[in-house]
J.: 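The structure follows.
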2 protein chains.
Amino acid sequence: MRKNKRDELVQQAMETFYRNGFHATGMDMLVAESGISKTSMYKHFKSKDELILAALKLREEQFHNWSAQRVAELASEPRDQLLALFDVLDEWFKEDTFKSCMFIKASSEYPEPDHPIHQQTVEQRNAMYEGVLTLVEAAALKNPEALARQLLMLQEGAIITAHFGNSKDPAGEAKQAAKALIDAAS
Amino acid sequence: MRKNKRDELVQQAMETFYRNGFHATGMDMLVAESGISKTSMYKHFKSKDELILAALKLREEQFHNWSAQRVAELASEPRDQLLALFDVLDEWFKEDTFKSCMFIKASSEYPEPDHPIHQQTVEQRNAMYEGVLTLVEAAALKNPEALARQLLMLQEGAIITAHFGNSKDPAGEAKQAAKALIDAAS
DNA sequence: GCTAAGGTGTACCGATCTGTTCATTTGGTC
DNA sequence: GACCAAATGAACAGATCGGTACACCTTAGC
């Protein structure tokens, strides 16, 4: 049972879940795509839910790493980095694999608040908020908690807008709105 | 085949889909909740997808009617009505049946762009945008299209934030941000 | 009271769901 | 090459999925 084999399985499952949905993706489909047998799959993961949790965790890691790196490349000052978050969103939206936010989708498909998958999405969303809050505080802006939540709202609204596809530049418009909020809090 | 019986079925199905998700809700569950037999259910609706489409349409009607009425009760001037949209959101969030936005959830569960259910959510979302745009234009604000989209982003961001539950007053914070954007466009 | 028509419920269909059983194959060790 | 444990794959459970066949029952018109 190689460790990297498990990682491959999670990566593959993550992409399929993201593209196809959670309930709509059966273990048979994942097994067929990965090439291994169902028995081996269940040797690596006790249940489908455990695989979903692993996929969400991987998604969070990859997205966080990529996002943090891109932001650091695009800007150095906290205030500019806050705005760069929206440029990173724009890059994401332009990927042809973009299909909304995996955590929003997961929390929709598992709406019961005590379900482990739902809880994990809530925790990841909190981590997202903490990240923005850290930047807002570093930029020494007023009402940091409220502003961080407002900026997060703009990001999520941009994601939904990009997903529905009725705007040509959701990230740019969200960035413009974010700039207005940040200027007002300077 | 009474017409209002069909309406009852759609209403019941709509609530169950909203609470429980689409894929996670089987026709057997809906049949059990409605009390009628499966045969009768399929006399009213050719397929599950048709029932979902009817449920989404009902949801849009009811939400639009309720929202428009509440906004009209809360404010008379277009600018104030734009802000009142967020007070209406707040009322919605405080209902104990609140479970995010049904259309966001539907478009997540049916991600294929040409799927009828996905298309219907896109159309509904466009109607939402047109409604906000009308108010923005009536308020004679600058860059009406972009501003309308930004305000819609704030609304959707507030919905996601309310759904994840890590803010005490998502609607209020979104309203405050909206006010800043509207003031800047006056 | 009879009959025709249509709504209704039961029982079922094949497909698919998550998860398991078990015989076989594989690979490492002596 | 012999041995053994681990990994594998096909086949299968039991449940549930969306959807249907068909017998039954109610009801309206005569």
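Source: prediction; values computed, not measured. Naming: A, B, ... by sequence-line order, numbering from 1 per chain.
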J.: Using 0.5 Å steps for rounding, measure from the CE atom of A:M128 to the CZ atom of A:F103.
T.: 7.0 Å

J.: A:H23 NE2 to C:dT18 P: how many Å, rounded?
T.: 9 Å

J.: Give the nucleotide from the list C:dG19, C:dT18, D:dG19 with an atom nearest to the side chain of A:D28.
T.: C:dT18

J.: Using whole Å, what does the distance between atom P of nucleotide D:dG19 and atom NZ of B:K48 come to?
T.: 8 Å

J.: Quick one: A:H44 NE2 to C:dG19 P, roughly how many Å, whole number?
T.: 16 Å

J.: Considering only side-chain heavy atoms of B:K38, which listed nucleotide, D:dG18, C:dG9, C:dG19, is closest?
T.: D:dG18

J.: Would you kindly check if the NZ (Lys) or CZ (Arg) of B:K105 is within the cone defined by 45 degrees around the ring axis of B:Y18 and under 6.0 Å from the six-membered ring centre?
T.: yes

J.: Do any N or O atoms from the side chain of B:S67 and from the backbone of B:H64 form a donor-acceptor pair under 3.5 angstrom?
T.: no

J.: Kindly say if A:S37 contacts the phosphate of D:dG9, meaning a side-chain N or O under 4.0 Å from OP1 or OP2.
T.: yes

J.: Please give, in whole Å, the distance from D:dA11 P to A:M27 CE?
T.: 20 Å

J.: Aromatic ring centroids of B:Y110 and B:H118 under 6.0 Å?
T.: no

J.: Nearest heavy atom decides the nucleotide; on that basis, is A:T25 or A:T39 closer to the 5' end of DNA chain C?
T.: A:T25

J.: Which nucleotide in the set D:dG19, D:dA10, C:dT20 lies at the smallest distance from any side-chain heavy atom of A:Y42?
T.: C:dT20

J.: Between C1' on D:dG19 and NZ on B:K43, what's the gap in Å once rounded to a whole number?
T.: 12 Å

J.: Rounded off to whole Å, could you give me the CZ-to-C1' distance for the B:F45 and D:dT20 pair?
T.: 18 Å

J.: What pairs of residues pass the salt bridge (charged side-chain N to carboxylate O under 4.0 Å, His left out) test when at least one of them lies in residues 149-174 of chain A, not counting sequence neighbours?
T.: A:R125-A:E156, A:R149-B:E173, A:E173-B:R149

J.: Send over the distance from A:M41 CE to C:dT20 C1', rounded to a whole Å.
T.: 16 Å

J.: B:F22 has an atom CZ; how far is it from atom C1' of D:dC17, in whole Å?
T.: 17 Å

J.: Does A:S47 or B:I36 map to a spot on DNA chain C nearer the 5' end, using the closest nucleotide for each?
T.: B:I36

J.: For C:dT8, does either OP1 or OP2 sit under 4.0 Å from a side-chain N or O belonging to B:S40?
T.: yes

